[in-house]
Amino acid sequence: MAAAISLNIVVARLELSLILFFIGLSLAAWSRIPWRRFAFYFLAPAWATLLVFIGFSAGFGVFPIFTIGPVTFYKEGVWQGVSAAARVACDMTWLAAVFTTTSFPDVLTALKFFRVPAVLVDAAAISYRYGFLLLDEYARMKTVARMKGGRRGWIAACRSTGLILSQIILRSYDRTARIQDAMTARGENSQILPSSPKSIGGACPNRCDITPSGAFEPGPVLVCDRVSHVYQGGRSLKSVSMTIEKGEVVVMCGPNGAGKTTLLKVISGLMTPCSGEVRHFGRKLDRKSRRNVFRRAGILFQDPNDQLFCTHVRADIAYGPANLGLTASEIERLVCTAMELMEVSHLADRPIHRLSHGEMKRVGLAGLIAMRPPLLLLDEPTASLDPASARHLIDIIRHLNSHHGYTLIVVTHDIDLAADIAKRIIILNDGEIMADGPPRDILTDMRLLQSARLEPPILTRLFQQLPPLDGRHGAIPATIEEAVQRLRQTIRDCRGEDHE
């Protein structure tokens with residue numbers, strides 16, 4: 001491909017371009033590429049060929065052929081346009097043949113071999129990753145438009161397509177900012193310093209050495225001192241103060257717009273507070289230290305499409321460790337260990353756009369685990385997961401905390417999840433901490449939960465509605481384990497009374 005394109009550029013003859021064009025088509029046909037797939041890669045940039053032809057035809061020459069409105073086409077320009085368009089079509093054909101017969105990682109390897117600038121290789125990789133995402137979004141929106149009658153007739157179809165494309169463009173602008181946040185949170189543009197891994201070892205039943213690198217640092221993991229942040233739209237954090245100690249699992253609950261995600265971004269250094277300060281292990285988070293805060297805090301975004309920006313699973317998990325200054329062998333070990341723990345080893349070479357939502361969540365968490373930050377910030381980790389996947393993720397969270405000493409702050413609307421994993425619960429409402437305490441005190445305070453627009457756990461509601469099973473008013477269960485223990489005790493008491 002490189003030889004054909006180089007020859008086409010250097011020689012720049014119409015006859016050669018046509019010959020190479022038909023050779024490329026013949027190779028594509030011989031490779032038995034599905035014609036629809038080939039047509040997509042070839043026709044998608046066809047507009048560029050048309051623009052090249054029109055540009056040359058209307059911009060060069062002295063002998064006019066015809067005029068369309070203010071645009072005049074010239075004889076000499078038409079021939080130059082045909083020649084230039086033939087070269088572009090030739091190059092596109094060879095590129096289409098390569099992309100349809102070669103895996104994308106191999107294409108990237110080839111680009112690096114030919115010393116293509118790294119910024120262009122990265123741009124190609126990100127375009128590949130998010131091109132499929134945009135196509136999926138277009139397909140879903142088109143289905144909705146059809147369901148609402150917006151595809152009846154070509155005029156309605158064109159109007160619907162225009163509306164859909166405008167939405168995709170607007171969303172792409174927003175997604176660009178979120179992708180940049182994800183890259184920054186995993187060490188992009190950081191100061192790469194050599195790192196020597198430490199481990200406690202021995203406690204993990206899977207023998208997975210992923211103990212956080214900051215496990216031995218003194219002081220609280222996190223201190224927020226009167227942190228405030230204001231958006232132009234009015235949402236804000238209002239003088240939030242809290243201290244998170246090592247080994248805590250803090251669940252942060254609150255209604256939409258309470259400031260939970262904003263607080264996570266401030267803690268992770270992605271946003272700067274308007275006032276107050278954030279300290280990690282006693283070190284103040286400022287403009288200089290923000291560049292390396294990913295070593296101490298890792299954030300998992302709610303939408304995994306904002307989290308995963310590399311082309312394939314292994315590359316995405318390795319992205320963060322590569323920014324830690326580790327050796328290649330240590331990076332590979334951490335990547336393999338994280339994939340094994342999250343049970344995604346079989347997905348190592350799969351493109352990101354071919355993962356399910358649950359698989360993307362697990363790959364995103366694997367990318368954080370491979371970096372081993374002592375503080376993990378999880379934004380709605382079980383959102384959109386089926387019960388089995390959610391339960392598996394809960395088990396992983398417990399494992400990381402109990403066997404490796406990770407400290408976690410989990411944002412969730414799922415109050416039952418809070419009852420399952422929390423050692424401490426913080427209720428955030430209107431940008432302020434409304435309550436902070438043990439799970440039992442928070443989850444059984446009906447007035448507090450109601451004022452924060454939260455529902456109590458199902459078991460709590462059940463036992464509040466039931467009369468005392470043993471005739472005595474005991475503590476209301478907040479988890480399944482407590483409910484089972486309460487019922488067993490009641491059964492034993494009843495059996496003892498019957499025996500008497």
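All values reported here derive from a predicted model rather than from experimental measurement.
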Considering only NZ, NE, NH1 and NH2 on the basic side and carboxylate oxygens on the acidic side, decide whether Arg186 and Asp316 come within less than 4.0 Å. yes
Is Lys142 salt-bridged to Glu137, going by a charged N under 4.0 Å from an acidic O? no
Minimum-distance pair of heavy atoms, taken over all atoms of [X] and [Y]:
X: Tyr406; Y: Pro212; result: CE1-CD, 3.6 Å
X: Pro373; Y: Leu368; result: CD-O, 3.2 Å
X: Val251; Y: Ala418; result: CG1-CB, 3.5 Å
X: Cys336; Y: Ser345; result: O-OG, 4.5 Å
X: Ala452; Y: Pro255; result: O-CD, 3.3 Å
X: Ser268; Y: Val293; result: O-CG1, 3.0 Å

Does the side chain of [X] reach to within under 4.5 Å of the side chain of [Y], using non-hydrogen atoms?
X: His229; Y: Ser236; result: no
X: Leu378; Y: Ile409; result: no
X: Ile179; Y: Met183; result: yes
X: Ile396; Y: Leu365; result: yes
X: Met342; Y: Ile369; result: yes
X: Val410; Y: Val250; result: no
X: Phe294; Y: Leu324; result: yes
X: Pro456; Y: Ile415; result: no

Using modelled atom types and a 3.5 Å cut-off, is there a donor and acceptor pairing between side-chain atoms of [X] and backbone atoms of [Y]?
X: Thr412; Y: Asp414; answer: yes
X: Arg129; Y: Leu308; answer: yes
X: Gln307; Y: Phe301; answer: yes
X: Arg290; Y: Gly269; answer: yes
X: Ser389; Y: Leu385; answer: no
X: His280; Y: Leu285; answer: no
X: Lys260; Y: Gly254; answer: yes

Mind checking the [atom1]-[atom2] spacing from [X] to [Y]? Nearest 0.5 Å is all I need.
X: Asn305; Y: Met360; atom1: CG; atom2: CE; result: 4.0 Å
X: Leu408; Y: Leu376; atom1: CG; atom2: CG; result: 5.0 Å
X: Cys274; Y: Leu237; atom1: SG; atom2: CG; result: 9.0 Å
X: Ile244; Y: Cys224; atom1: CD1; atom2: SG; result: 7.5 Å
X: Cys253; Y: Asn429; atom1: SG; atom2: CG; result: 11.5 Å
X: Arg140; Y: Ile164; atom1: CZ; atom2: CD1; result: 11.5 Å

Look at the aromatic rings of His404 and His399 and report parallel, tilted or perpendicular, splitting at 30° and 60°. perpendicular
Is it the case that atom CZ in Arg159 sees more than 12 heavy atoms from other parts of the structure closer than 6.0 Å? no
Take Thr184 and Gln180, measure what side-chain hydrogen bond (donor to acceptor under 3.5 Å, both in side chains) needs, and give me the verdict at the end. CA-CA 6 Å; Thr184 301; Gln180 182 60 46; 3.3 Å; yes
Suppose we screen for side chain to side chain donor-acceptor pair (under 3.5 Å). Which residues come up paired with [X], at least two apart in sequence or across chains?
X: Ser356; result: Glu359
X: Thr407; result: none
X: Ser166; result: none

Side chains of Arg295 and Asn323, donor plus acceptor under 3.5 Å: no
Check step by step if side chain to side chain contact (heavy atoms under 4.5 Å, CB included) holds for Asn401 and Arg398. CA-CA 5 Å; Asn401 175 253; Arg398 287 173 170 169; 5.9 Å; no
Should Leu341 and Leu400 be marked as a side chain to side chain contact (heavy atoms under 4.5 Å, CB included) after you check the CA-CA gap, both sets of side-chain angles, and the distance that decides it? CA-CA 10 Å; Leu341 179 62; Leu400 293 172; 3.9 Å; yes
Can you list everything that forms a salt bridge (Lys or Arg N to Asp or Glu O under 4.0 Å) with Arg178? Sequence neighbours excluded, please. Asp306
With Glu343, which residues qualify under salt bridge (Lys or Arg N to Asp or Glu O under 4.0 Å), at least two apart? none
Run the numbers on Met141 and Leu163 for side chain to side chain contact (heavy atoms under 4.5 Å, CB included), then give the verdict. CA-CA 10 Å; Met141 292 182 190; Leu163 292 173; over 6 Å; no
Test side chain to side chain contact (heavy atoms under 4.5 Å, CB included) on Ile427 and Ile433 and set out the steps. CA-CA 6 Å; Ile427 302 294; Ile433 292 181; over 6 Å; no
Ring centroid separation for Tyr130 and Phe309, is it under 6.0 angstrom? no
Qualifying salt bridge (charged side-chain N to carboxylate O under 4.0 Å, His left out) pairs, either residue in residues 378-397, two or more places apart: Arg391-Asp420
